[in-house]
Amino acid sequence: MSSLEKIAVFIDGPNLYASTKALGFDIDYRRLLGEFHSRGTLLRAFYYTTVSEDQEYSSIRPLIDWLDYNGYTVVTKLAKEFVDATTGRRKMRGSMDVELAVNAMELADHVNQIVLFSGDGDFRSLVEAVQRRGVRVTVVSTLASQPPMVADELRRQADVFIDLTELKTRVGRAPAERQGSREMRQQPPQATTRGSINRGDQVE
């Protein structure tokens, strides 16, 4: 793949977490960034997730902080709490689909390829829309879990489908090696820079 290939990565955080949990491994986000840097010019790597209002004590907070200091653009919003009418239990609801779609459409004129880490079938229309702009779309999810995490309509719409099991040796880690641990946060931020986007950038 040409080093001139301009790439943007979009990570649906909760969806990717559910997929890797089903497969029994975690993502090493430092290695993931390196993997796509090696495939071309990585302009942006976005990570989307919802957080609770009590986010200071959220288990995802260390990961979000680490990603933000190490080359990722982290996009979050507060999840809404509601009471399930059937069970009476308090639950959280939140989706970052709109935010991810807006950012992808904004970048479509500046990249050759979008890599979407999600199996959510709701993104099929987004994939089709950016393809009409001449952008190739790679979807990363898995068919190996039971049930499969990737929606059939999303996999069929993608130009390329990569199963997470194929990336495991390159971007995976054992669940015990949690990213965002205290040791990780004490390290100085990596000198990873986010690619700049100029209005003059043309799709190759």
Side-chain angles (χ1 to χ4, degrees), residues 5-20 26-51 55 58 60-79 94-131 133 135-142 149-150 154 157-162 164 167 170-172 179-180 189-199 201 203:
E5 179 92 347
K6 294 180 182 129
I7 304 169
V9 171
F10 294 84
I11 300 172
D12 176 349
N15 192 280
L16 178 58
Y17 172 78
S19 297
T20 54
D26 285 347
I27 293 292
D28 182 326
Y29 286 96
R30 189 191 304 276
R31 294 176 69 192
L32 186 149
L33 210 60
E35 173 69 22
F36 288 96
H37 270 302
S38 72
R39 297 186 180 207
T41 300
L42 182 60
L43 292 186
R44 287 285 190 281
F46 291 92
Y47 183 93
Y48 300 84
T49 190
T50 55
V51 294
Q55 60 181 309
S58 170
I60 200 174
R61 189 77 236 175
L63 173 61
I64 291 173
D65 289 343
W66 186 90
L67 292 171
D68 201 34
Y69 278 107
N70 287 272
Y72 288 84
T73 300
V74 178
V75 183
T76 64
K77 74 177 179 184
L78 291 179
S95 171
M96 299 295 292
D97 291 5
V98 172
E99 287 81 0
L100 190 155
V102 168
N103 289 153
M105 291 302 292
E106 287 175 341
L107 277 183
D109 291 336
H110 303 284
V111 296
N112 307 100
Q113 181 185 179
I114 280 176
V115 181
L116 174 64
F117 279 80
S118 181
D120 190 340
D122 289 344
F123 288 124
R124 191 205 66 79
S125 295
L126 168 65
V127 171
E128 185 179 26
V130 298
Q131 285 171 332
R133 295 190 177 202
V135 179
R136 293 191 311 282
V137 180
T138 297
V139 167
V140 184
S141 186
T142 187
M149 291 298 293
V150 63
L154 180 64
Q157 186 67 48
D159 295 291
V160 177
F161 172 71
I162 299 176
L164 279 164
L167 289 177
R170 299 203 292 276
V171 303
Q179 198 107 28
Q190 287 293 94
T192 305
T193 57
R194 302 183 179 103
S196 59
I197 301 172
N198 300 312
R199 282 289 173 188
D201 282 349
V203 175

Q) Does any non-hydrogen side-chain atom of Arg30 lie less than 4.5 Å from one of Trp66? A) yes
**Q.** Partner residues of Tyr48 under the side chain to side chain donor-acceptor pair (under 3.5 Å) criterion, sequence neighbours left out
**A.** Asn103
(Q) I need the minimum non-hydrogen distance between Ser118 and Asp12, along with the two atoms involved. (A) OG-OD2, 3.0 Å
Q) Within the side chain of Asp159, is there an N or O that forms a donor-acceptor pair under 3.5 Å with the backbone of Thr138? A) no
Q: Just jot down the side-chain contact (heavy atoms from CB on, under 4.5 Å) partners of Arg31, sequence neighbours excluded, or say none.
A: Asp28
Q. Among Leu100, Val75, Thr73, whose side-chain contact (heavy atoms from CB on, under 4.5 Å) with Phe10 holds?
A. Leu100
Q. When you look at Ile11 and Leu32, which way does the side chain to side chain contact (heavy atoms under 4.5 Å, CB included) test go after all the steps?
A. CA-CA 11 Å; Ile11 300 172; Leu32 186 149; 4.3 Å; yes
**Q.** Between CD1 on residue Ile60 and OH on residue Tyr17, distance to nearest 0.5 Å
**A.** 9.0 Å
Q) Side-chain contact, heavy-atom cut-off 4.5 Å: Glu99 with Val102? A) no
Q | Rounded distance (nearest 0.5 Å) linking atom CG of Asp65 with atom CG of Asn70 | A | 10.5 Å
(Q) Glu35: which residues meet the salt bridge (Lys or Arg N to Asp or Glu O under 4.0 Å) condition with it, sequence neighbours left out? (A) Arg39, Arg170
Q) Of the non-hydrogen atoms in Leu33 and Ala45, which two are nearest, and what is the gap between them? A) CD1-CB, 3.7 Å
Q) Just how far is it from atom OG1 of Thr41 to atom CD1 of Ile7, taken to the nearest 0.5 Å? A) 7.5 Å
Q) From Asn15 CG over to Asp97 CG, what is the distance, rounded to the nearest 0.5 angstrom? A) 9.0 Å
(Q) If I take atom CD1 from residue Ile64 and atom CG from residue Asp68, how far apart are they, to the nearest 0.5 angstrom? (A) 9.0 Å
(Q) I'd like to know if Glu5 and Arg136 make a salt bridge, using a cut-off of under 4.0 Å between side-chain N and carboxylate O. (A) yes
Q) Any idea which heavy atoms bring Val111 and Ile114 closest together, and the distance? A) CG2-CG1, 3.9 Å
(Q) Looking at every non-hydrogen atom in both residues, tell me the closest pair between Val130 and Ala108 and how far apart they are. (A) CG1-CB, 4.1 Å
Q | For Ala101, side-chain contact (heavy atoms from CB on, under 4.5 Å) partners two or more places apart | A | Leu126
Q | Approximate separation, where rounding is to 0.5 Å, of Leu154 CG and Arg124 CZ | A | 9.0 Å
Q. Taking it one step at a time, do Leu43 and Leu107 satisfy side chain to side chain contact (heavy atoms under 4.5 Å, CB included)?
A. CA-CA 9 Å; Leu43 292 186; Leu107 277 183; 5.6 Å; no
Q | Leu164 versus Ser19, closest heavy-atom pair with distance | A | CD1-CB, 3.6 Å
Q) Can any side-chain N or O of Gln131 pair as donor or acceptor with the backbone N or O of Gln157 at less than 3.5 Å? A) yes
Q) In chain order, what residues pass the side chain to side chain donor-acceptor pair (under 3.5 Å) check against Thr142, with sequence neighbours excluded? A) Asp163
Q | Nearest atoms (heavy-atom pairs only) where Tyr29 meets Tyr72 | A | O-OH, 2.6 Å
Q) Does Phe117 reach the side chain of Val9, with side-chain heavy atoms less than 4.5 Å apart? A) yes
Q) Got a sec, which residues hit ring-ring contact (aromatic ring centres under 6.0 Å, His included) with Phe123, two or more places apart in sequence or on another chain? A) none
